[in-house]
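One structure is given below, encoded as structure tokens.
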Amino acid sequence: MHRLGGVGLAAFDRQKESQRSFAELSSELSKAQVDHLQSQLTQFRTALSHFATTHRDAIKSDPDFRHKFQQMCSSIGVDPLAGPRKGGWWAEILGMSDWQYELGVQIVDVCVSTRERNGGVIEMGELVRMVSKLRGVGSGVITEDDVMRSIKTLQPLGAGYEVIDMGDGEKMVRSVMKELDEDQAIVLAEAQAEGGRIVEEILETRRGWPRERAKAALENMLFRDGLCWLDAQDQSHGKAYWIPSAMRWDE
Amino acid sequence: MALSPQTTPSGYQTGFLLPSIHSAPPFFTEQPNPNTQAQFNEQWIRLILTYARHRRLFSLRVEDAVVAGSEWDEVLRNERINRRMVPAHLSSILAAMVAKNLAVYEPAKQTSAVLLYWRLPEEWADVLHSWATATGQLNTILTYYEITDPPVPSSLSDIPLPLLKRAVNVLTRSGRAQIIGVAEGEGIRLFAGGK
């Protein structure tokens, strides 16, 4: 078989020689690439940290700007809020993850402390209001968007926090591990329109439900899930159900 | 309708701030769901005790839920939403309070009236002991009347006798008081003594 290096002792040397020069060439090439990448990365970092430091306050205080910033980040595939392991540097520079986690803790605080009276379902607007109060900031500083994002960061904890869309822009946040079935969502929506009070008749006339369905839905919420309260002194119906999460509470 | 805390229309000292739950109609109904019922009971008990402390009320009777005009009206009734606590409901709250040692049936052997422990007998014992110390009445014999109706009003003024006796018992057990028979019945002598 014909060999490239020919035969004989000298062939070994020649082969070694060429291997060495290939290795040199390759390491030179990759070094150049690494250098290039590194300089690009440094540039990127400088630009980012410049951006971050210049706009940090704006990001933290201006909800609109924060929203745009989050959108920009997700479109280039950078998650500024990723945990300490991935993207931690980015979050560190912005101090953004702290902000978001802090908000998450406050959301949990509000959800847990109001659970007693709302059965673990809170209206989004009220949650935002109470979290803002807890932080001592005026309205509009914390947005629904922020709250939803924070709830997403709570997901790894497996606590079952979930945003439920009620339709027509109404959102509720559920903080208990309970499935809210379709009927219950409807009951919740109707009760909301009534300041929290709900009776079978409302569901019959407005939703066309048969009485049994309305009764079953309400009784399930009352007995099984503890999502509503009973009022046995209702003037017009004698018996009414009240859904605490649909009632307006002023502290 | 928003549910907010309400200050009682007060003729007595300062108004009492009722929690917003007191404006929620279902609060006046016994709840069929045991968890909800437990939470409501907690809130009722807290409300009853803070109100009692506010107005220095020492007893609560099921009867207070029957007829209007009792000193408990503004707690047991909410005219704004036209709700009131029914006697059976109050009776079960009293039972819960007794079970938690936040009240005792007084007199014993009935379940329609309680003595409220917005301070426990142990706490009253400390109040009594510090009062005697501060007014220089250690080692002298005091009648119960001198304690419940002192010339200078104290935080023990008008304390019911059964409650006072319980507090004294706490002190005798720890060697800080001695019960002495006096002409009009019983008196006590308090000692400095450690706990």
Side-chain angles (χ1 to χ4, degrees), chain A residues 110 112-123 125-126 129-130 133 175-178 184 187 191-199 215-251, chain B residues 1-8 15-48 50 65-68 73-93 96 100:
Chain A
V110 169
V112 170
S113 63
T114 56
R115 201 176 279 170
E116 202 171 276
R117 68 171 194 227
N118 60 28
V121 183
I122 188 167
E123 201 257 322
E126 194 188 358
R129 207 151 42 88
M130 293 191 67
K133 204 172 132 192
S175 63
V176 283
M177 285 285 208
K178 251 179 233 160
Q184 292 182 344
V187 171
Q192 208 139 37
E194 295 288 317
R197 178 177 171 276
I198 187 89
V199 290
K215 194 166 183 272
L218 289 173
E219 287 191 342
N220 273 341
M221 289 177 86
L222 179 67
F223 291 102
R224 191 189 61 195
D225 306 325
L227 282 172
C228 68
W229 299 340
L230 181 69
D231 173 21
Q233 299 175 41
D234 190 75
Q235 275 97 338
S236 54
H237 287 76
K239 193 167 109 178
Y241 299 82
W242 286 77
I243 301 185
S245 50
M247 293 157 81
R248 272 255 297 125
W249 299 87
D250 290 339
E251 281 311 303
Chain B
M1 180 189 73
L3 299 120
S4 48
Q6 298 287 326
T7 308
T8 57
F16 178 78
L17 192 68
L18 291 162
S20 36
I21 184 86
H22 195 260
S23 303
F27 192 48
F28 293 83
T29 296
E30 267 192 283
Q31 294 301 311
N33 182 306
N35 290 334
T36 313
Q37 174 58 15
Q39 287 159 12
F40 274 22
N41 261 354
E42 288 276 312
Q43 280 167 310
W44 268 114
I45 291 171
R46 206 180 311 146
L47 172 58
I48 287 168
T50 48
V66 181
V67 280
D73 272 6
E74 51 189 25
V75 167
L76 300 181
R77 284 156 194 271
N78 189 338
E79 302 295 346
R80 287 182 309 110
I81 55 170
N82 201 9
R83 293 291 183 280
R84 64 185 191 90
M85 178 174 281
V86 296
H89 188 188
L90 181 57
S91 172
S92 83
I93 290 173
K100 287 171 191 274

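From a predicted model like this one, the values you see are computed outputs, not experimental measurements. Per chain, numbering begins at 1; letters A, B, ... match sequence-line order.
The heavy-atom pair separating B/Asn82 from A/Gln233 by the smallest distance is O-OE1, 4.3 Å. For the pair A/Ala232 and B/Thr29, the tightest heavy-atom approach, listed with the atom from each and the gap, is N-OG1, 2.8 Å.
By number of non-hydrogen pairs under 4.5 angstrom with chain A, the leading residue of B/Arg84, B/Gln37, B/Arg83 is B/Arg83.
Separation of atoms CH2 (A/Trp229) and CD1 (B/Ile21) is listed at 3.5 Å; rounding is to 0.5 Å.
B/Pro32 has its side chain within reach of A/Leu222: a pair of non-hydrogen atoms, C-beta onward, lies under 4.5 Å apart.
Exactly one residue among B/Ser4, B/Pro5, B/Ser20 makes a side chain to side chain contact (heavy atoms under 4.5 Å, CB included) with A/Trp249. That residue is B/Ser20.
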